[in-house]
Amino acid sequence: MGDWSGYLTLILQGAWVTIKLTLMGSALALVVAFVAGLGRISRLAALRWLSTAYIEFFRGTSIFVQLFWIYFVLPMTGLWAPTPMQAGVLALGLNVGAYGAEVVRGAILAVPRDQYEACIAVNLTRFQRMRHVILPQALPLMLPTFGNNAIELLKATSVVSLISLADMTFQAQVVRSQTGSTLLPFVTILVLYFAMSSVLSLAIRSYERRVTRGLDGVR
Amino acid sequence: MIRIQNLRKSFGTLTVIDGLDFDVMKGEKLALIGPSGSGKTTILRILMTLEDISGGRIEVCGEPLYHMTKNGAEVPADEAHLHKMRRHIGMVFQHFNLFPHKSVLQNIAMAPILTKGEKRPDAERRARELLDMVGLADKADYMPSQLSGGQKQRVAIARALALQPQIMLFDEVTSALDPELVEEVLEVMKRLANETDMTMLLVTHEMGFAHDFADRVLFFDKGRIVEQGPPDQIFTAPQEDRTKSFLRKIIAAGQRV
Amino acid sequence: MIRIQNLRKSFGTLTVIDGLDFDVMKGEKLALIGPSGSGKTTILRILMTLEDISGGRIEVCGEPLYHMTKNGAEVPADEAHLHKMRRHIGMVFQHFNLFPHKSVLQNIAMAPILTKGEKRPDAERRARELLDMVGLADKADYMPSQLSGGQKQRVAIARALALQPQIMLFDEVTSALDPELVEEVLEVMKRLANETDMTMLLVTHEMGFAHDFADRVLFFDKGRIVEQGPPDQIFTAPQEDRTKSFLRKIIAAGQRV
Amino acid sequence: MEWDWDFAWSILPQLLAGFRVTLIATALGAVVAAVLGLVFAILRRSRNRAVARTTGFVVEFIRGTPLLVQLYFIFYVLPDLGIRLPALTAGVIGMGLHYATYTAEVYRGGIEAVAKGQWEAAKASNLTARQTWIHVILPQAVPPMIPAMANYLLAMFKETPLLSAITVLELMNQARSVANSSYRYVEPMTMVGVMFLIVSVISVIGLRWLERHYGRVGK
Amino acid sequence: DKLDDLKDAGTVRIAIGNEPPFTAIGADGKVSGAAPDVARAVFAALGVADLEASILDYGAMIPSLQAGRVDAITAGLFMKPERCDAVAYSEPILCDAEALLLPAGNPKGFQSYEDFANDPEARLGAPGGGTEEKLALDAGVPRDRLIVVPDAQSGLKMVQDGRIDAYSLPVLSLNDLLAKSGDDKLEVFAPVVGAPVYCDGAAFNKRDTDLRDAFDVELAKLKESGEFARIIEPYGFSAQAAISTNRETLCAQE
Ligand SMILES: Nc1ncnc2c1ncn2[C@@H]1O[C@H](COP(=O)(O)OP(=O)(O)OP(=O)(O)O)[C@@H](O)[C@H]1O
Ligand SMILES: Nc1ncnc2c1ncn2[C@@H]1O[C@H](COP(=O)(O)OP(=O)(O)OP(=O)(O)O)[C@@H](O)[C@H]1O
Ligand SMILES: [Mg+2]
Ligand SMILES: [Mg+2]
C-alpha cells in the first residue's frame, strides 16, 4: 500500500493505453463506417452485399467473440499474428465501424433529393456529387450518433484487458494483485473512465454546435 | 436544337406523357403552360435527364439524349454519355436547390471548376460577373440561408448560367416566392431572354410573363400539346376549348395576363 | 360558488393575470370572451389546478383552492388538498384529450371507478346514460380514434360529467372542430345549460353561442376584466371602446353574433 | 490450424450448457433493466430537484463507465461492504443496472411522447399521480418503446461474455475453458461466434417485425 | 537462426503470468519473479540483453507461443505430457507442489482434489487452463463446482468472501499470496495429497529447438556455478529440486 503513487503511475500508464486505443479505434471505425456505409448504398450489387455482410456480422456477434477471434484464431490460420494492441484496435474499430456504417447510410439518405438533382443539373459526376455536396451536408447529421459511438468504444476498450493488453482495467487488476486492495484501484479507474467519457461527450457537443451553426436555418 | 419524337413516360401504371412530338429551334424561347399535372415539369426533368423515359427519342444539339451508338447499334445511354450531353443543358428549379453549405460565390463557381476544370480565380471572376448581372454583386460571400427567396432564385439562375449551357430550362421559378419578390426574378429573366441567344424552355403559371417572354407558347393537357403558337394568338385568340377554359380560370383566379 | 380575489399569474417575466377579482354564483353560466392572449384559458386552467398561481386567493365551494389551514395558519395547498378540491370541478378541453387507449365507455367510466370507488357495473350504466344524453349511445365500444372531432368532444363532455362536478369549465370546446361539426357540440351544451344547475364557465370565440348560453359575459383584455354584464348588454350596447372594437373585428371576420 | 469436426462435435454439449446460462443471464438482466430503468426515468422526472439531479448523475456515471469494471466492482468490492452476491446474481444486477441507464432514456422518450393533454385530462378527472401513471401514461407510453427495448435486449445479450470475468460459466467462459485445456481456439471461438450470430439474425428479423407493429420511440 | 534474430533484436519476448513468486510486476512496472530472473540471466549469457514481458492467462500462453506472439514462456507453466507435446521445454527450473488456500484450521478437512469431488457442496477455485484445474477435473470435480478464477488476487478474495471453499495454486504462490494479504483467518494446506510435485521450464516453440538447446547449455552452467540457487532460493524455491530431476522424467509424469 505504501507505494501508492507508483501504482497510480501504473494506472495512468494504462489510462494512456486506453486513450490510444480509443483514438485509434475511433479513427479506424470512422474510416470503416464511411467505406461500408457508402458500400451499402452503392450501385454495385457486390459492394452492397459485401458491406451488408460485414455490417450484419459485426453487429450480430459480440465484440468479445470478435476480439478473441482476431487475437487467438486469426494467427492460427497462419495469416497474421496481431499484437494485443493491433487486435484491440481492429476489433474495436471494426465493431463500432459497423454501427457507424448504418449512421453514415442514414445520414446520406436524409439529404434531400433536391440536392442530387441540383448536382445533376450542374453536371457533377457521381463522385463529385458525393464529395462536394452530399457528404458535407450529411456530416452534421452523423455527428451526434458518432459521439455516442465513440463513448461506447471507450467503454468497450476495457475488454481488451481480457487479452492482456495493459489498458487501464488491466493495470487496475495488476495493482490489485500487487497491493491486495480491490476498492482503491477500481474506484480510481471508474472515476477516470467517467472523466474520459465526460470529456468526450463535451468535446463532441461543442464540435456539433460549431458545425451546425454553419448550417443555420438549413433544416 | 431539341427534337422530341413520340416521347412516352409513365410512373408505374400512370402514363404522364403519351406520344409527344415537338422541335425547338436554336435560340427559341418557349413557354409551356397548362393545368396542374399536365406533365410540364416532367418534360423539363426528362430533358435534364432527371428521369428515365419510357419510350420514344430525344435529340439535343444533333445527338440522341437517351441513346448512344455502340458497335453500330443504338443502345440506351450510359452515365458517361448522359454526363457529356448534360453540358448542353442547364436548369433552374422551383425551390432553387442551392447548396446550403456553400457560399453564394461557391455555389456558382463550383461546377465550372469541377466539371470544366476552370481555374478558381477565373471561375470566381466569372461568378462575380454573373452575380452582378442578376443584381447581387454584394452578396457573394453570403450563405444561401441569409438570402430572401427572390435572391436565392437569382443565385440559382447565375449558377445555371455559369456553365454556359446552350439550353436553359426554367420550372416555375417564381411560384415558391412571396409575391413582392417575383418581379426581381422576372426582371432578370427578361433581360436574359433579350440579351442572349440561348434556347430557353419555361414552365410558368404567370401568363403575363409567358406572353412577354416567349416566341412560342405550348399549351399542354394530359401529357399532350393541345395548342401552340405565338403568344398573341394563344392568349388573345385561342382555338381550342380546353385552352379557352384554362385561360378563363387563370384570369378568374386573378393572375396577370 | 367561486370567489377570485386579487389573482395574479405570471409565466417567468410575463404577467398574464394581474389583480383579478370576480365571483360566480351557484348555477350561474358565465362566458369569458376577449382577444387572443388575454388570459381566458389561463383562468380556467388555474381553476382546474393545472397551473400554480403567483398571488391572490381563490375560494371554491367555500373552501380556499390553493391554500389550506394547517396549525391555524394558512399555507399553500398540498397535493392531497388539491385532490380533494378537484372533486368539485370538471373541465372540457379544446383538443378533447380523450384517453386513446381506452374505449369510449372506459373513458367515461374510469374516473368514477378509480376516484369515487364506484362499482364497475354502476359506473358503466351511468356512462351509457351519459352517452345517450350526448347522442352517442351506439358508440360505447368504439375507440376514440374511430370518432369524428365532434363525437370526441361530446365524449369528453360526458367524461367530465361522469364525476358530477359542481363546476364545469369549457375551453373553446368547438374551435378544433370542422365547421360542420360545431353545431352538434353546441347543441349538447345548450341542453346541459338549460337542464342542470351546474355552475359553468365557458371560454369561446363563438359570440352567438356565448349570447345564448350565458347569464353573464365577462370581456377580458390583458388579464383584466374590461367590462361585464348580461349578454344582451355586452353584445348590443357595450360601454367600453375596447369591447366595441373587439366585437367589430369579430363581426368583420364573419363570426356569428 | 485445421478445423476438426470431431472436436467441435465433442465440445458442443459443454458450449450449449454455457449458452443456457447466457440466455438465463440475458433474460434476468432484461427484467432488472426494464424495472430499474423505469425507476430511473421516474426519479429523474421527480419534482424534488435533489432527487432528480442525483439520479441524473448516477445514470450518467453508470453510462459513462465500462460494464466490465462495474462487474468487477460488484463482484469483488461489494463483499468488503458486506454484500456478497453469487456470481450470476452479481452479473445480472450489473448488466441490469448498466442497461437500465439506457432503458431509462427509452422510457423518458416514450413518456415525453405522450401528449401533455393526457396529464391534464387525468388531473381534470381527479386521478391521483399513481393512477395517472398506471391507467393513463404507461399504457400509452410503453407500446411504442418496445422496439427500442428489444434493441437493448439484443445488445445486452451480446455483452454477456463479460460475465466470464466474474466467473459465471456462460458461453464464452465455457469456450475459454475448452480452449485453455485443449489449446485449441479455432473451434470453440468460431462456434461461439456462430451461436451469437444465429441469435442475432433471428432477433433482427423479430425486431423489424416489432418496429412495423409498434412504431418507434427514442433513438 | 532464431538466436541470431534475438541477438539482432536485442530483446526476447516472454510470456509471464503475474503470479508471485513465479512472476511478478513491481510498482514501477519492472518484471521480476523467479522465472523471469532466471530467463534474464540465461539470455544475458546468450547475448540477449532485454526481456519484454506480456502478462497472459495460463491458457493463452501456449497458443501465443504457437502463434509466434512470444518467443518463450517463463511463467511457472509446469511440464506435463500434453504440454511437452505442444511446446519445447528447457530443463527444469522451478519446482513446487500443489497447495490449497482455505480457512484457518481447514474446518472441512480438505486434503486432496478427490475430497472436493466427494463433497457435493464443495467449491474449488483454480486458474483457467492451469495444472490445478486439470488435476481437479481428473479427480472428478464437476465443472460447475470448479470455479475458473481469473487471477490469484481474485482467488484469495473469493475464499475470504466465502464464495469458494478453497483456492488451489502451487505452494509458494499461495504462501506469497497469503503473506501479502496478512489475513490470519486463512491458511495454506500443502502439499495436496496425491498431487505430484511439478517443475516448470522455459517453454519454446517446437520450431525453435535450437534456441531451446542453447538455453539448456547456459542454464546448466548457471546451475553449476551456484548462481541459479542464488537467484531462485530467495523466492523460496529449492534449487536442489530442479537439479535432481530432468525433462524426460517430468514430461512422462501424469
Ligand atoms: N415521381 C413521380 N412518381 C409518380 N407520379 C409522378 C411523379 N412525378 C410526377 N408524377 C405525376 O405525373 C403527372 C405530371 O406531373 P408534372 O409534375 O409533370 O405536372 P405539371 O404539369 O408540372 O404540374 P404542376 O403545374 O402542378 O407543376 C402528375 O399526375 C404527377 O402526379
Ligand atoms: N405555459 C406558458 N408559458 C408561457 N406563457 C404562457 C403559457 N401559457 C400561456 N402563456 C401566455 O399567457 C398569455 C395568456 O394566454 P391564454 O392562453 O390564457 O390566452 P387566451 O385568452 O386563452 O388566448 P386564446 O384566445 O388565443 O386561447 C399569452 O400571452 C400566452 O402566450
Ligand atoms: Mg410542375
Ligand atoms: Mg385560450
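Proteins come first, then strands; the chains are lettered A, B, ... in the order of their sequence lines, and each starts at number 1.
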Novice: Between A/Val187 and D/Phe73, is the side-chain contact (heavy atoms from CB on, under 4.5 Å) condition met? List the steps.
Specialist: CA-CA 8 Å; A/Val187 168; D/Phe73 195 89; 3.6 Å; yes
Novice: Any side-chain to backbone donor/acceptor pair from A/Gln66 onto A/Phe58? Under 3.5 Å, distance only.
Specialist: yes
Novice: If every non-hydrogen atom of D/Leu36 is compared with every non-hydrogen atom of D/Ala100, which pair is closest and at what distance?
Specialist: CB-CB, 3.6 Å
Novice: If you count heavy-atom pairs under 4.5 Å with chain A, which of D/Tyr76, D/Phe196, D/Phe61 comes out on top?
Specialist: D/Phe61
Novice: Quick one: which residue pairs count as a salt bridge (charged side-chain N to carboxylate O under 4.0 Å, His left out) with a foot in residues 139-152 of chain A, not counting sequence neighbours?
Specialist: A/Glu152-A/Lys155
Novice: Do any of residues 84-105 of chain A come closer than 4.5 Å to chain D, heavy atom to heavy atom, and if so which ones, in number order?
Specialist: A/Tyr99
Novice: Side chain, backbone, both or neither: which part of A/Ile189 has an atom under 4.5 Å from a heavy atom of chain D?
Specialist: side chain
Novice: Just so I understand: if I count every heavy-atom pair under 4.5 Å between each of D/Ala155, D/Ser200, D/Ser203, D/Ala165 and chain A, which residue has the most?
Specialist: D/Ser200
Novice: Tell me whether the NZ or CZ atom of D/Arg63 lies within the 45° cone about the ring axis of D/Tyr102 and under 6.0 Å from its centre.
Specialist: yes
Novice: Heavy atoms only, distances under 4.5 angstrom: which of A/Ser197, A/Ser62, A/Ala195 has the most pairs with chain D? Name it, please.
Specialist: A/Ser62
Novice: Can you tell me which of D/Leu162, D/Val201, D/Val192 forms the most heavy-atom pairs within a distance under 4.5 Å of chain A?
Specialist: D/Leu162
Novice: If you count heavy-atom pairs within less than 4.5 Å of chain D, which of A/Thr169, A/Ile151, A/Leu74, A/Val191 leads?
Specialist: A/Thr169
Novice: Is it true that A/Ser161 and A/Gln173 share a donor-acceptor pair across their side chains at a distance under 3.5 Å?
Specialist: no
Novice: Below 4.5 Å from any heavy atom of chain D, which atoms of A/Ser201 appear? Answer side chain, backbone, both or neither.
Specialist: neither
Novice: What I want to check is whether the side chains of D/Tyr99 and D/Glu159 have a donor and an acceptor closer together than 3.5 Å.
Specialist: yes
Novice: What are the two closest non-hydrogen atoms of D/Leu210 and D/Ala150, and how far apart are they?
Specialist: CD1-CB, 3.7 Å
Novice: Pull out the residues in residues 23-48 of chain A that come under 4.5 Å of chain D, heavy atom to heavy atom, sorted by number.
Specialist: none
Novice: Hey, which of A/Leu183, A/Leu192, A/Leu190, A/Ile63 has the most heavy atom pairs under 4.5 Å with chain D?
Specialist: A/Leu190
Novice: Centroid-to-centroid, A/Tyr71 to A/Phe68, below 6.0 Å?
Specialist: no
Novice: Check the orientation of D/Phe157 and D/Phe19. Use parallel for under 30°, tilted for 30 to 60°, and perpendicular for over 60°.
Specialist: perpendicular
Novice: With no hydrogens and no angle check, is any side-chain donor or acceptor of D/Gln70 less than 3.5 Å from a backbone partner on D/Thr65?
Specialist: yes
Novice: Shorter than 4.5 Å, heavy atoms on both sides: which option in D/Leu67, D/Leu78, D/Thr190 has the most such pairs with chain A?
Specialist: D/Thr190
Novice: With sequence neighbours excluded, tell me which residues meet salt bridge (charged side-chain N to carboxylate O under 4.0 Å, His left out) with D/Glu112.
Specialist: D/Arg108
Novice: Indicate yes or no: does D/Arg44 engage D/Glu60 in a salt bridge with an N to O separation below 4.0 Å.
Specialist: yes
Novice: Does CZ in D/Arg208 sit with more than 12 non-hydrogen atoms of other residues, nucleotides or ligands closer than 6.0 Å?
Specialist: no
